[in-house]
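All heavy atoms count here, side chains included; hydrogens, waters and symmetry mates do not. A, B, ... follow the sequence lines: proteins, then strands. Residue 1 opens every chain.
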2 protein chains.
Amino acid sequence: MRHTISILVDNEFGVLSRVAGLFSGRGFNIESLCVAETLDPKVSRMTIVTRGDDQIIEQITKQLNKLVNIIKVYDLTAEEHIERELAMIKVNVSEKDRAEVLSIVDIFRAKIVDVSPKTYTIEMTGDNEKVNAMVELLKPFGIKEIAKTGKIAIARSPKAVK
Amino acid sequence: MRHTISILVDNEFGVLSRVAGLFSGRGFNIESLCVAETLDPKVSRMTIVTRGDDQIIEQITKQLNKLVNIIKVYDLTAEEHIERELAMIKVNVSEKDRAEVLSIVDIFRAKIVDVSPKTYTIEMTGDNEKVNAMVELLKPFGIKEIAKTGKIAIARSPKAVK
């Protein structure tokens, strides 16, 4: 099963390496990971998406809770939460394709953030399924490059994960 | 100086831990890191933002290039590139504050993605400065929670980092 884990950590070097090591030490691949500062620059939040046996993931979260520099671990999987990721996609556009690419951008409420004579760079946000759906529609035009953030998640209001 | 490094890696367990270890082993903190799959599910892209001495970062990128499972390392710092991050912000809104919060959301072309009687959850994208500017404006209302992806970057068209 796919799990989304949100972790508050001290913003110090070595923490990311230890957290990642805990997953890889058990043979778990991290599908996506984001880490960035919170409002308090001494604290960072990591959002990790991983896939695997529920019991082993429970063990990992327990071990994470014991690590120095880990403030709090939440497995958001079973909770109602909103998830989003950001993608930037550079796609080839010949003159005849422009109108069609623009209409895809419109439908997905995406934005064009850079233009060259032969390419558009598109920015879009959504859940994983929405981002993948747009990528599939753009593939036939030729995707030159893609950068994705991976998923962040926030519990549904009014509950706060902090 | 702040550096933005884009790394293509094999999507295998242990790679993230080794990359993070290379930075922390030299006492470098990672300000933000995103890792997610590319179009090829066997390949992931990491975007790392770190701050430090240019020469040492050059050494680190050289060492990264030598690691197994690292396909390619690009320091985008000196190149023209577009950078974006995604933030979700859960902010308190009393009845009298709603109009003001909504106008901030409009100005920043952000979106409200969840509502409860006492909170709005806002989604926004932009460069780090834009995200921070919005966060500063929302602080007086009371931010309950924030989740940020950290930065992704893509070279200006038509050049592709791949």
Problem - Top contributor to chain A contacts, counting heavy-atom pairs under 4.5 Å, from B/Ile30, B/Thr47, B/Asn11 - result: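 Most heavy-atom pairs under 4.5 Å with chain A: B/Asn11.
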Practice task
Please determine, among A/Glu37, A/Arg84, A/Glu31, the option with the most heavy-atom pairs under 4.5 Å with chain B.
Solution key: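 Answer, by heavy-atom pair count under 4.5 Å with chain B: A/Arg84.
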Exercise for the section: Among the options A/Gly14, A/Ala87, A/Ser44, A/Gly27, pick out the one with the most heavy-atom pairs lying under 4.5 Å from chain B. Expected result: A/Gly27
Handout entry: Side chain to side chain, B/His3 and B/Asp54, heavy atoms closer than 4.5 Å
Key =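 Sidechains of B/Asp54 and B/His3: in contact.
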Problem - Side-chain touch A/Ile152/B/Lys148, heavy atoms, less than 4.5 angstrom - result: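 A/Ile152 vs B/Lys148: side chains apart.
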Practice task
Look at the side chain of A/Thr38 and the backbone N and O of A/Arg45, then say whether any donor-acceptor pair between them is shorter than 3.5 Å.
Solution key: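 Answer holds: no.
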Handout entry: Per-residue contact mode, B/Val135 against chain A (heavy atom under 4.5 angstrom)
Key =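 The answer is the side chain of B/Val135.
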Fill in the blank from the handout: Under 4.5 Å to a heavy atom of chain A? For B/Glu123 that would be side chain
Practice task
Return yes when atom CZ of B/Phe13 has more than 12 non-hydrogen atoms of other residues, nucleotides or ligands closer than 6.0 Å, and no otherwise.
Solution key: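 Result for CZ/B/Phe13: open.
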Problem - CD (A/Gln63) with more than 12 external heavy atoms under 6.0 Å - result: yes
Practice task
Could you check B/Glu12 against B/Arg18 for salt bridge (Lys or Arg N to Asp or Glu O under 4.0 Å), going step by step and ending with a plain yes or no?
Solution key: CA-CA 11 Å; B/Glu12 286 183 16; B/Arg18 284 201 294 280; over 6 Å; no
Using non-hydrogen atoms and a 4.5 Å limit, figure out which bit of [X] sits close to chain B: side chain, backbone, both or neither.
{"X": "A/Phe23", "result": "neither"}
{"X": "A/Lys151", "result": "neither"}
{"X": "A/Asn132", "result": "neither"}

